[in-house]
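To keep things clear, I will list the structure first and then write my remarks on it.
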Number of protein chains: 2
Amino acid sequence: MKGKKTTIHEIAKALNTTASTVSRALNNNPRISEETRNKVLKMAEKLGYEPNTMAASLRRGHSKIIGIIVPYADRIFFSSVIRGIEEEVKKSGYNVIICQSYEKIENEVDDVNALMAAQVAGIIISISRETNKYDHLKKVMNKNKPLVLFDRTAETINTSSVAIDDFQGAYSAVNHLIENGFKQIAFFSGNKKVSIFRERFRGYQAAMRDNNLLIPDEYIIEVPSDVDQGKLVTQQLMSLPNPPDAICSSSDFSALGAIKWLKENNFKVPDDVGVIGFGNDPFTQYLEPTMTSVDQKSKDMGKTAAQVLLEQLEGKNSIARKVLLSPELIIRDSSQKLAIKKAAV
Amino acid sequence: MKGKKTTIHEIAKALNTTASTVSRALNNNPRISEETRNKVLKMAEKLGYEPNTMAASLRRGHSKIIGIIVPYADRIFFSSVIRGIEEEVKKSGYNVIICQSYEKIENEVDDVNALMAAQVAGIIISISRETNKYDHLKKVMNKNKPLVLFDRTAETINTSSVAIDDFQGAYSAVNHLIENGFKQIAFFSGNKKVSIFRERFRGYQAAMRDNNLLIPDEYIIEVPSDVDQGKLVTQQLMSLPNPPDAICSSSDFSALGAIKWLKENNFKVPDDVGVIGFGNDPFTQYLEPTMTSVDQKSKDMGKTAAQVLLEQLEGKNSIARKVLLSPELIIRDSSQKLAIKKAAV
DNA sequence: TAGAATTGCGCAATCGTTTACGCAAAATTC
DNA sequence: GAATTTTGCGTAAACGATTGCGCAATTCTA
């Protein structure tokens, strides 16, 4: 019972053959006879052999581990992507190793180095909000390690990426509001330095334009993804001489802030003001009213990122692939005026 | 720029010395002079040296990676524990690798094997709901790999563990309800085969007994952690000839089900019926009324589990340590009758 | 049936580090 | 100043698996 590990050499000795034969048998090398292979398999089983992946990785030049870097591992969006990746790569015998950047570029750089040192087979990353230089990512590419960005991608470097179509997400959200009779639609944008937020903003603009609706400057507000900040700017908005009749937010949290402030101040949601969030965080379905939100397909995103990476790993495809997933508008109560909703039934 | 990696041999050659000297210099071996060490460091920097952790791990017998196994990586409790672990082990230069068991014992066994094969330094695990045999865990211990269980622990094997005091959590929750004037308190238990749920149940019983309150058999219901199931059993409960005036739940989700059913059926929460959940899931703070819940200290749990594991790794402590963290009752609106609340102010 | 191709397996180098051992030079002890 | 200890570093053997090369034995080709 003492943890004496068996190696292929032990198996070889027991079978009066050599380690190379055992190795080949174990790896289904066609140059090994069925008979020998079976003997090896049986003996391996008997001796409780378990391969030392370190040794194999060392020889091979990389491990069967995929590195993942996210800002925070405990945010539902990221943890859900991670789950998707894990599920997918497991099928091919890979494991995932998680690093957090805490939205700091220094951590991100360190993480990349650590992962490279750990000889990961490839890296899947959602870059930090701070990240504006890409030398660390280029280093990965220069070493010919597959690299896939997700959600927060970088346009300036030529790498594979998976994201949702943020433009379309915002566009369909705004369109939905308009279909439900809202006309004066304000927009909560995130930090416009980040591409996903720029795209959402563009989607909002396009939808308004396509429906011949004007956008007063005061209707566009940059607000962090935060409940209290959401409340604050909602107060501002509703104090305008021409307050909006709906809010489309780039974040579920600021949308929640909006709903909270509105209810506290005796506005009815959605009858007085409609609200739509972005992200489809689980809490949105438990609110009153339940919140309409754009689902980011996080698990799919993870699965897809994993697939793209594996493709690259297996050499099938070395050119960068940019995948855009379609977001899904999850329609709940916060965006449908009761009268209209009833009429529709 | 082509990913030619520099090894210690290259450094040695450039310095007209040997790999062993370089290795020792890099590892702060005291038998190396300051002068040599500095030369090595400088040259390593110059040549862009990055250590190959695979090789080192192979030689050392284990990697600087901690394996984590959880049922689901995207459940807030687990992702939060993972975050805590990652933050803590990173300080000592370790990384974490994540596996999911999906509550299946076969997956758990596979995961353990995969982690052992990856030569992880140790394993931190929250066992699946199904797990009732522990051979796979014993194997880890037999190979002298540190093993730490968290939250869902196993009493029958002698290993370190970190959990919250579920007894105390439930006890203080029930006590709080009683202090707020509730007397007929029902209990939503989870699956009593799982130790944490047994403990919570015991806490409930003890608190009731200590306050000389009787528990009708019908008040104790085993219900999965699920909103709809919570609704269902709440309906049952409230149809009793002697319905409860409060519900203490082992889960936030079934508690949410209770609140939903109660509101839909014109019961006031908390004035007619008080409700307390367990887990302090983020959504609890966004409900109406906001939900009182027992916080499980997930991030602390992760940090502590990591500390216990590292202690064991560094050989300071080879005997099993069982740590119980104190849960924290987060008091919100669902458990305080308005009259009493005002009086308290 | 001679020559070519294929099959089955052993030899030995290799991946990049770490580390026990040993030895000379320098420093210390008495 | 001889004997001992310490310092500084080189030699070489690991760690456990993979794989190019080569060589017999077998099968196939013509």
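Every chain is numbered from 1 and lettered A, B, ... according to where its sequence line falls, protein lines coming before strand lines. Reckoned from all heavy atoms, side chains included, excluding hydrogens, waters and symmetry mates.
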Atom CG of B:Leu58 to atom P of D:dA13: distance rounded to whole Å? 17 Å
Value in whole Å for how far the P atom of D:dG16 lies from CD of A:Glu50: 14 Å
Got more than 12 heavy atoms from elsewhere within 6.0 Å of NZ, A:Lys322? yes
Separation of D:dA17 atom P from A:Asn27 atom CG, nearest Å, is 10 Å
note: B:Arg60, atom CZ; D:dC15, atom C1'; distance rounded to Å ~ 12 Å
Find the distance B:Leu26:CG to C:dT17:C1' and express it as a whole number of Å. 10 Å
Within a strict 4.5 Å, meaning less than it, do heavy atoms of the B:Thr304 and B:Leu325 side chains meet? yes
What does nucleotides 6-13 of chain C look like as a protein-contact string, B for base, S for sugar-phosphate only, - for none, at under 4.0 angstrom between heavy atoms? -BBSBBB-
Protein-nucleotides 24-28 of chain C N/O pairs under 3.5 Å:
none

Return yes if a side-chain donor-acceptor contact under 3.5 Å exists between B:Ser101 and B:Ser128, otherwise no. no
Rounded to whole Å, the CE-P distance (A:Met54 to C:dC15) equals 19 Å
How close or far is atom P of D:dG16 from atom OH of A:Tyr49, stated in whole angstroms? 10 Å
Less than 4.5 Å apart, any side-chain heavy atom of B:Ser63 and any of A:Met54? yes
Between B:Glu87 and A:Gln100, a side-chain donor and acceptor under 3.5 Å: no
Atom CG of B:Leu15 to atom C1' of D:dG8: distance rounded to whole Å? 15 Å
B:Thr131 and B:Glu108 side chains, donor-acceptor separation under 3.5 Å: yes
ring-ring contact (aromatic ring centres under 6.0 Å, His included) pairs, two or more places apart, involving residues 103-158 of chain B: none
Inspect the surroundings of NZ in A:Lys13 and state if more than 12 heavy atoms from other residues, nucleotides or ligands are less than 6.0 Å away. no
Quick one, A:Lys42 with A:Glu45, criterion salt bridge (charged side-chain N to carboxylate O under 4.0 Å, His left out). Give me CA distance, side-chain angles, the key distance, then yes/no. CA-CA 5 Å; A:Lys42 209 169 281 175; A:Glu45 170 76 13; over 6 Å; no
